[in-house]
Amino acid sequence: MNSFATRYGASPLHLLLVLCSFALTGYAGIRLLAGARPWAVVLWFVGAALLHDLVLLPLYTVTDRALRTVLDGRRRHRADDAVSHPSRGRINYVRVPAFVSGVLFLVHFPLVLGRVDHFTAYTTLPGDVFLGRWLLITAALFGLSALVLLLRLRRSGPRTGHR
């Protein structure tokens, strides 16, 4: 097995999982393209790729770099710079809840923006509750992330007292 891992670069389990994911993706692609309008699916995928690569990627890259600049700028101006923790790990406490909130918004944006009325018949909820709930989930994600950051900072902070 060591020879296989040396030649392949990973374990046989990795190869099995990659092959299973390719099989699942192929099956989903065949099912999607076997529908009534296969060109609509292809157009949707191409549009999504272009939207991501030309709009979303530059947008969240600039946002991430601006956030890093702000966090690093604060750290440089502090007097106790020698004992402060680097901000590289701290930025993930903003990235993760922003990513999860963004994915939730992308999946449910018609409901969040109140654009689709026929979904309210399936959910039996009025159409105006989704924006408030998405905002509440977003606030909870950022609050939980801030709590975890505070707990980690408190645990890894300078220790004073008994030895």
Side-chain angles (χ1 to χ4, degrees), residues 1-72 74-75 83-113 115-116 119 122-123 125 130-131 133-159:
M1 185 172 333
N2 194 14
S3 169
F4 176 81
T6 302
R7 286 197 284 169
Y8 175 66
S11 71
L13 179 62
H14 180 269
L15 178 62
L16 179 66
L17 289 174
V18 167
L19 291 175
C20 288
S21 69
F22 283 152
L24 180 64
T25 303
Y27 172 74
I30 289 170
R31 295 286 301 212
L32 280 172
L33 294 175
R37 300 182 320 169
W39 289 108
V41 174
V42 171
L43 183 65
W44 187 86
F45 273 109
V46 170
L50 288 174
L51 176 70
H52 176 268
D53 292 349
L54 298 177
V55 177
L56 295 178
L57 180 66
L59 182 67
Y60 62 72
T61 300
V62 166
T63 305
D64 185 62
R65 290 201 179 156
L67 186 61
R68 278 184 163 187
T69 302
V70 167
L71 288 177
D72 286 341
R74 275 192 195 160
R75 193 172 63 94
V83 295
S84 67
H85 301 286
S87 65
R88 288 184 186 184
R90 292 181 190 174
I91 198 166
N92 291 330
Y93 292 96
V94 176
R95 282 181 183 160
V96 172
F99 174 76
V100 173
S101 176
V103 168
L104 283 173
F105 180 78
L106 284 175
V107 170
H108 301 288
F109 77 91
L111 293 171
V112 171
L113 297 178
R115 301 282 184 198
V116 180
F119 280 115
Y122 295 115
T123 62
L125 295 171
F130 297 103
L131 175 62
R133 290 182 180 188
W134 175 74
L135 290 172
L136 186 63
I137 289 170
T138 299
L141 287 169
F142 277 98
L144 182 63
S145 182
L147 181 66
V148 170
L149 175 63
L150 287 174
L151 289 173
R152 287 207 173 171
L153 287 176
R154 185 172 184 212
R155 191 174 61 187
S156 68
R159 307 262 184 216

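The first residue of the sequence shown is numbered 1, and numbering continues consecutively from there.
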Going from CG on L144 to CG on L149, what distance comes out if it is rounded to the nearest 0.5 angstrom? 11.5 Å
Could you measure the distance from the CD1 atom of I137 to the CZ atom of F105? Nearest 0.5 Å is fine. 13.5 Å
Does anything in residues 31-59 form a ring pair (Phe, Tyr, Trp, His ring centres under 6.0 Å)? List the pairs, not counting sequence neighbours. H52-Y60
Shortest non-hydrogen contact from L32 to V41? O-CG2, 3.8 Å
Relative to the ring of Y8, is the ring of F4 parallel (under 30°), tilted (30 to 60°) or perpendicular (over 60°)? parallel
Could you tell me whether a side-chain N or O of S156 sits under 3.5 Å from a main-chain N or O of R152, the two making a donor and an acceptor? yes
Mind checking side-chain contact (heavy atoms from CB on, under 4.5 Å) for V103 and listing every partner two or more places apart, or none if nothing turns up? F99, V107
Are any non-hydrogen side-chain atoms of R90 and L153 less than 4.5 angstrom apart? yes
What are the two closest non-hydrogen atoms of S101 and L141, and how far apart are they? N-CD1, 4.1 Å
So does V18 get a backbone contact from the side chain of S21, meaning a donor-acceptor N/O pair under 3.5 Å? yes
Distance from T61 atom OG1 to L56 atom CG, nearest 0.5 Å? 10.0 Å
What I'd like to find out is whether the side chain of V62 reaches to under 4.5 Å of the side chain of R65, using heavy atoms alone. no
Atom CG in L17, atom NE2 in H14: separation rounded to 0.5 Å? 7.5 Å
Find the distance between CG (L24) and CG (L19) and round it off to the nearest 0.5 Å. 12.5 Å
Assess whether side-chain contact (heavy atoms from CB on, under 4.5 Å) is satisfied between L135 and V112, documenting all intermediate values. CA-CA 9 Å; L135 290 172; V112 171; over 6 Å; no
A side-chain contact here means heavy atoms from C-beta on lying under 4.5 Å apart; do L113 and F130 qualify? no
